[in-house]
Amino acid sequence: MTAVMILIGSKNDWDVMREAGAELDSLGIGWQAHVASAHRSLPRTLELVREAEAKGVRVFVCGAGMAAHLAGVVAAATVRPVIGVPLAGGVAGGLDALLSTVEMPGGVPVATVAVGKAGARNAAVLAAEILALSDPELEARLRQARADQAAAVAAADAELAAGGGER
Ligand code: RP5
């Protein structure tokens with residue numbers, strides 16, 4: 001089942017947004033991705049949202065750069081959760097996209113994450129956390145992923161110490 005739809009404003013956004021797909025894969029969540037521009041192909045974008053709702057997509061993840069209106073337009077077209085990933089590339093290195101994504105008018109929220117790859121990954125994790133509210137097995141996988149992260153930090157710390165991390 002496709003639980004998450006990833007939308008990107010340009011094919012050039014995929015290099016970063018593929019991180020979201022990879023994270024969803026690692027958590028065992030079904031997804032599909034489409035290029036759908038708020039500016040260049042608005043009717044198709046709205047059609048994709050309608051189709052996604054009809055086939056049971058529960059969370060939208062939208063990545064866009066520059067005047068990043070994709071997440072906001074999708075949020076205007078659905079009451080399902082929309083997570084926005086601002087992407088670098090504009091004149092302000094991603095700050096432009098961050099503000100375009102996060103500054104939504106009251107009543108039409110976009111849950112906005114960090115600029116770039118960390119944001120793409122966190123969008124997937126946040127989508128998973130939303131889905132896990134009604135899926136105890138997914139919640140267990142999320143808890144395991146957090147435990148794995150902590151173990152990786154501990155391993156890095158031990159490696160640093162073994163390599164002479166003190167004087
Ligand atoms: C946005 O404009 C896209 O999300 C992309 O990040 C940016 C530039 O698009 P391209 O000119 O690279 O297609 O709509």
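Hydrogens, waters and symmetry mates play no part in the numbers below; they use all other heavy atoms, side chains included. Start at 1 and go down the list; that is how both ligands and their atoms are numbered. Since this is a predicted model, take the numbers as computed values, not measurements.
Atom CZ of Arg44 is surrounded by more than 12 heavy atoms from other residues, nucleotides or ligands within 6.0 Å.
In this structure, the side chain of Asp96 engages the main chain of Ala92 through a donor-acceptor pair within 3.5 Å. Using a distance-only test at 3.5 Å, with no hydrogens or angles considered, a donor-acceptor pair links the side chain of Arg80 to the main chain of Glu53. The main-chain N or O of Val113 is never found under 3.5 Å from a side-chain atom of Asn122 such that the two would form a donor-acceptor pair. Between the side chain of Ser26 and the backbone N or O of Leu24 there is no donor-acceptor pair closer than 3.5 Å. A donor-acceptor pair under 3.5 Å links the side-chain atoms of Asp13 to the main chain of Gly9, judged by distance alone.
Within the structure, the closest approach of Lys11 to ligand 1 does not fall below 4.0 Å when heavy atoms are considered. The shortest heavy-atom distance from Leu87 to ligand 1 is not under 4.0 Å.
Scanning all protein heavy atoms for the shortest distance to atom 1 (C) of ligand 1 gives Gly65 O, 3.4 Å. For atom 11 (O) of ligand 1, the nearest protein heavy atom (residue, atom name, distance) is Arg40 NH2, 3.1 Å.
Every atom of ligand 1 is numbered from 1 in the order shown, and the set under 4.0 Å from a heavy atom of Ala64 is 4 (O). Interface of Gly9 with ligand 1, defined as ligand atoms under 4.0 Å from a residue heavy atom, comprises 3 (C), 4 (O). Applying the 4.0 Å criterion to heavy atoms of Asn12 picks out, from ligand 1, the atoms 10 (P), 12 (O), 13 (O).
Side-chain contact annotation: Arg40 with Thr45, donor-acceptor N/O pair under 3.5 Å absent.
Remark: ligand 1 and Asp13 share an N or O pair separated by less than 3.5 Å (distance only, no angle test). Any N or O atom pair closer than 3.5 Å counts here, and Met66 shares no such pair with ligand 1.
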